[in-house]
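Everything on this sheet refers to the single structure shown next.
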Amino acid sequence: MQPYDPQPIEARWQAWWKSHQTFHCPNPGEPGFDASKPKYYVLDMFPYPSGAGLHVGHPIGYLGTDIVARRKRMEGFNVLHPMGYDAFGLPAEQYAIQTGQHPAETTAQNIATFRGQMERLGLSFDWSREFATSDVDYYRWTQWIFARLYDRGLAYQTEVPVWWCEALKTVLANEEVIGGRSERGDHPCVRRPLKQWMLKITAYADRLIEDLEGLDWPESVKAMQREWIGRSEGAEVRFPIAGGKGEALSIFTTRPDTLFGATFMVVAPEHPLLDRLVTPEQKTKVDAYVAEAAVKSDLERTDLAKDKSGVFTGGYCLNPAFDPADERARLPVFVADYVLISYGTGAIMAVPGQDQRDWDFAKAYDLPIVRTVQPPADFDGEAFTGDGPAMNSGFLDGLGVAEAKARMIAWLAEQGLGEARVTYRLRDWLFSRQRYWGEPFPVLHRPDGSHQRVRDEDLPVALPHMTQFAPPDDGSPPLSKATDWLAVHDPVSGETLQRDTDTMPGWAGSCWYYLRFMDPHNGSAPFSQEAVRYWNQVDLYVGGAEHAVLHLLYARFWHKVLFDEGLVPTKEPFQRLFNQGMLQGFAYKDATGRLIPVDEVDGEAEPPVLKASGEPVERIVAKISKSLKNVVNPDDVCQRYGVDTFRLYEMFMGPLADSKPWNDRDVPGPRRFLERFWRLFVDPDSSDRLRPNLLEASQGAAVGESLELEKQFHRCLQRVNDSFEHFNFNTAVAAFMEFVNVATKSVGALRRDQAERLVCAIAPFAPHVAEELWSRLGHPPSVCFAPWPQVEASYLVDEDFELVVQIMGKVRARARAPQGANQDELAALARASIEDRLEGKQIVKTIVVPGKLVNFVVR
RNA sequence: GGGGAUGUGGCGGAAUCGGUAGACGCAUCGGACUUAAAAUCCGAGGGCCCUUUGCGGGCCAUCCGGGUUCAAGUCCCGGCAUCCCUACCA
C-alpha cells in the first residue's frame, strides 16, 4: 500500500537539494560554470523580514519566479535566482524597541524564520548568495556607492524644511507623509528646518523618463513613474516689482500664452521676496497668515482644497505684457498657501480665465477675470483650460494655444523678460534619517562645518553597537550619543574629525542589491566586472505594485549613476517587470458596513451569522490582516496538505497578476489532483514502486489509446508553455488536470516515455513529487536539469473537428468535418446537417470559417 | 478632482484572431462501493419556458444602456459599481 504521502517525499528531496547544492549557480571562473549556456536572471523583490513571518500572501510571487527559474534551468540556462533581506530601516527598529531587543538580534531571528519558511516551500534559490542589507560586508559597499555619489556632487547637505514625526522621532521623506501623517503608524507630523543629506535625483529626471521607453514594464507603472517625475514645459517670466529698484518676481507657468490674462499674482507663504512686497499697512495681516499657514501645513493643507485662502500683501508687480503705464499692467500680489514654495519658483501669475484654482481665488477675493482663450460657444464652465483662439492678447490674438505659447516665449526671450523652462514635480531625494538602524554616512565633519568623505580604504564605517539606540527625546540622532565612535583622528591632516551621525533611509540598501547578488562575496569591490558583464541585468523582476514608484525609481537612479561611473554595462537595471496581484482574504461586514473578523462569524451558516448574536452578515473580500483574523500561515497548509499542493493551489487560484482571495475550502482540489497524478504512476494497492507499463522501454511510435494520450499530452504542454507568457499558471494547472483526468481512464496505455515527459513538465510546479517519480523511473537525480519536453505541432491537429453550424449567428447543429476540407465542402456539409431548418428559407449569404464554423444568413 | 485596473454560475476562474460562453477546480445534488461512515469512483448541473413516455426543442443570459458586424464576454460610444494610486505641481 502506498498512497500519495507528500511529507516524507518533500522532506527527502528538500534535504537532497540542500546537501547537493542543487541550485547553486556558479559564476564565470568558478568550478562547475558552463560558459556554453545562456544566462537568465530572475529576481524577486526581496522581503523586509518582519517579526510576523510569512503569511500565504507573501510567497505567491516567489512561487511564480520559482516556476520560471526551474523551467529555465531545464531549458539549459544558467539561472541566477537569489534571495536576501531588506533588513535596515524604521520598522525593524520600531519592532526592536517594542520587544526590547537589539535590532541586530530581532533581525537575525526574523531572517531565520523567513529563511526556514522559504526553504520549506521548495523554492530553488541559490542560498549561497544570501545576504541582508544590514550585513556590514554589504553596507560597506552601499557606503562605497554613496561615496561615488558624493564625489560626483550628487550628494549634498542642506537645511530644508522637512517632515518631522514626533512619535517616531525622525525625519520622513515627503512620500512617507500622507496628509500630514506618517505613512507608517499614522502619527502626526510637522515641518521643521533641519540639515539633511539630499541626493540629486532631479539631475537624472529626463533620463529616468526617456529610458522607460525600452523597458518591458506594465504601462501603468511607466505612467506612474512619468507622473511622479512630472516633467512640465513652460516658461519662467520676471514681473518687475512696482516701485522697486529693478527687483522682479519670477514665476513659472506652463501657459505663457495667457500672460495677457494675468490679473493678480500669488506667492507662497515661505517666499523670500514676501517681506519686500508687504506694505506696512498689510504687515500684521500677512504675518498672521504666514504663521497660520505654517501650522496649517502640519495639518491637512490639502484638505482645504475648495476654499482658497490668502491675504493681499499690499505690493504690486507689473505685467510685462503691457506698457507699464497701462492700467492692466498693475497686478496686486497676494500670499496664499495654494502656491507651494517647493515647486517652480514658489510664485505664480494668476490667470483666472484659464485656471480653475485662480478662478476660485479671484471669485473669493473679487478680482478681475479676463479670458484670453475663446471657449467654444457651448462652454458653460468657469475657467477654460482647453484649446482655442487667443483673444484680448495683443499680438497673440487668433493663434491656437501651442502656437501662442511658442510666440510668447520667443517674445519674452527677445525682451529679456523670461525664457523657456522645464520644471519637475520630482524633488531631490531626502536621504538622511535621525535613526540608529541604518547605514552610517561615510562622511567626516571638521569643526568649521566643512566635510570630507571617508577614504575608500577606510570603509566600512561600521554601525557601533549601542544598547540605548532609541531616539533621544531631544530629537538628536541616536548615533550622536555613541561617544567613543564619534571622534576620528585623521592621520593625514592630524585633525580630529566628527563622524556624521545620520543614517541612510531604508531605501538605500535596496537600490543595488540585485547587483551584489551577481557577486555576493566580493571583498574588494561591490561586484566584479566579470560578474556584471556576464549577468548583465535582471531579466525578470517580480514584486508588488506598491513599489511602482519609489523603490524602482531610486534603484534606476543609482543604476544610472553606476552606469556613468562605467561600473555597469546597462542603462537600466530591470528589463522586464511584473507585478503580482495581492492575495486577499475573506472577512464579514454587518448591516452598518462594519468589518467583522472571521473568528466572530459562523461562516458555514447560510447566510453567515454572528456567533454572538445570530445577526446575519455578508461575506466580503478584504485584506489579509491580523485584525480580521484571516491570516493563514503557509507552514500549516504545507503540514496538512503538502508543499506541492500549496504551490499548485496558489498558482491555480488565478492569473498571477490578479488579486484574489485565499479560500481554505479550495485547497483540497489540487491535493486530490496530485493523488490522481500519483496513481497514474504508482498503483496504491500494489507494493511495486511503479506501474508495470512504465517499466518497459517504449517501443516505436504510440498507437491506439497511447496515441490519444500523446495528442492529449502535447495539447497540455502547449497550454503549459503558453502560461509562461502572462504568468497565468492557473491555466497550466488546469491543463495538467485535464490530461490526468483523461490518462486516468486509460492508465495502462500510458507509455514510459510519456510518463517521463509528464514528470518533467510538472517539475517546475510540483518539484517534490516530480523528483520522487523521476527517481522511481530509474533516473539519477535531479529532474531539475532534465530537458524540458518539446511540443510537436503534428500532434496538435486531429483528422477531423466539430463543425459548428449557425443560422443567423445562432448555433443550430454540429457536425464532424475533415480537417482539410475546403470552404465549399464545409458549406455543403453544414447545409446537409440542417436541411430541414432551411426549408422555405432563402440563403442570402454563407460565411465559412475553416476549421471552425459555417454561418447561414437567411431571409 | 485626476490617473489606472477590474466587473462572466453559489464561489475561484476558462475562453490567442470577434466565431460552440462557463474549461479546470471548489461547494452542491444523485448513484456505486461499505454493516456504517470517511476516502475513492461514476454521473448531474446558468435561468425561464414548451413538449414528450423518454428523446427533444425554444427564449433569455458575460455590470447597465446604445452602436458596428453574418457573428460581440471580446471592438466602439455613454453610464454604473468596486478596488488601487494620486491629490492645489501653476
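Owing to the predicted nature of the structure, the values given are computational and were not obtained by experimental measurement. By convention in this document, chain letters (A, B, ...) are assigned in the order of the sequence lines, proteins followed by strands, and residues within each chain are numbered from 1.
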Does the structure show a Watson-Crick or G-U wobble partner for C75(B), both distances under 3.5 Å? Name it, or say none.
G67(B)
Nearest whole angstrom, please: distance from the C1' of G12(B) to the CG of Asp664(A).
13 Å
Is Arg226(A) touching bases, backbone alone, or none of the nucleic acid, heavy atoms closer than 4.0 Å?
nothing
Using the side-chain heavy atoms of Tyr343(A), tell me which of these nucleotides is nearest: G4(B), A90(B), G12(B).
A90(B)
Just N and O in the side chain of Arg719(A): are any of them under 4.0 Å from OP1 or OP2 of A23(B)?
no
Given that Asp722(A) and Asp666(A) both sit by RNA chain B, which one's nearest nucleotide is further toward the 5' end?
Asp722(A)
Assuming nearest nucleotide by heavy-atom distance, tell me which of Phe586(A) and Pro668(A) is located more 5' along RNA chain B.
Phe586(A)
Checking understanding here: a glycosidic angle within 90° of 0 is syn, the rest anti, so what is C83(B)?
anti
Are the aromatic rings of Phe713(A) and Phe739(A) close, with centres under 6.0 Å apart?
yes
Please give, in whole Å, the distance from A14(B) P to Met651(A) CE?
13 Å
Separation of Tyr649(A) atom OH from C11(B) atom P, in whole Å?
15 Å
Picking from A90(B), A23(B), G19(B), the nucleotide nearest the side-chain atoms of Thr254(A) would be A90(B)
As its Watson-Crick or G-U partner within any shown strand, both distances under 3.5 Å, A15(B) has none
Could you walk me through whether Glu802(A) and Arg816(A) pass side-chain contact (heavy atoms from CB on, under 4.5 Å), step by step?
CA-CA 5 Å; Glu802(A) 188 176 63; Arg816(A) 297 306 299 183; 3.8 Å; yes
Just compare A71(B), A90(B), C84(B) and give me whichever is closest to any side-chain atom of Lys623(A).
C84(B)
Below 4.0 Å: OP1/OP2 of C24(B) and any side-chain N or O of Arg676(A):
no
Phosphate contact (A90(B) OP1 or OP2) by Ser232(A) side-chain N/O below 4.0 Å
yes
According to the interplanar angle, ranging from 0 to 90°, do the rings of Tyr338(A) and Phe361(A) count as parallel (below 30°), tilted (30 to 60°) or perpendicular (above 60°)?
tilted
For the side chain of Asn730(A), starting at C-beta, report the closest nucleotide among A87(B), A14(B), C24(B).
A14(B)
Using the ring of each side chain (for Trp, its six-membered ring), is Phe677(A) parallel, tilted or perpendicular to Phe673(A), with breaks at 30° and 60°?
tilted
Between C1' of G18(B) and CD1 of Ile847(A), the distance in whole Å
13 Å
A14(B) OP1/OP2 closer than 4.0 Å to side-chain N/O of Asn728(A)
no
Is any side-chain nitrogen or oxygen of Lys660(A) closer than 4.0 Å to OP1 or OP2 of G7(B)?
no
To the nearest Å, how far apart are Trp217(A) CH2 and A5(B) P?
18 Å
Of the nucleotides C85(B), A90(B), U40(B), which one has an atom closest to the side chain of Val339(A)?
A90(B)
Sort out for me which residue in Val747(A), Leu680(A), Val682(A) forms a side-chain contact (heavy atoms from CB on, under 4.5 Å) with Arg691(A).
Val747(A)
Conformer about C1'-N of G9(B) - syn within 90° of 0, anti elsewhere:
syn
Look at Asn663(A) and A27(B) and indicate whether a side-chain polar atom (N or O) is within less than 4.0 Å of OP1 or OP2.
no
Which whole number of Å gives the distance between the C1' atom of G18(B) and that of G73(B)?
10 Å
Between A23(B) and G46(B), how far is it from one P atom to the other, in whole Å?
9 Å
Whole Å only: how far is the CG atom of Leu796(A) from the P atom of U16(B)?
16 Å
Side chain of Met224(A), heavy atoms from C-beta onward: which of G3(B), C85(B), G19(B) has the nearest atom to it?
C85(B)
Out of U86(B), C24(B), C88(B), which nucleotide sits closest to the side chain of Ala734(A)?
C24(B)
Looking only at side chains, do Thr645(A) and Tyr4(A) share a donor and an acceptor under 3.5 Å apart?
no
From U86(B), G19(B), U40(B), pick the nucleotide closest to the side chain of Gln806(A)?
G19(B)
To the side chain of Arg665(A), which of C41(B), A90(B), A27(B) is closest?
A27(B)
Under a 3.5 Å cutoff, is there a donor and acceptor pairing between the side chains of Tyr649(A) and Asn663(A)?
no
Nearest to the side chain of Arg672(A), heavy atoms from C-beta on, is which of C26(B), C41(B), G25(B)?
C26(B)
Which whole-number value in Å describes the distance from Met737(A) CE to G25(B) P?
6 Å
For nucleotides C63(B) and U6(B), find the distance between their C1' atoms and express it as a whole number of Å.
11 Å
Using both distances under 3.5 Å as the test, list the Watson-Crick or G-U wobble partner of G22(B), or none.
none
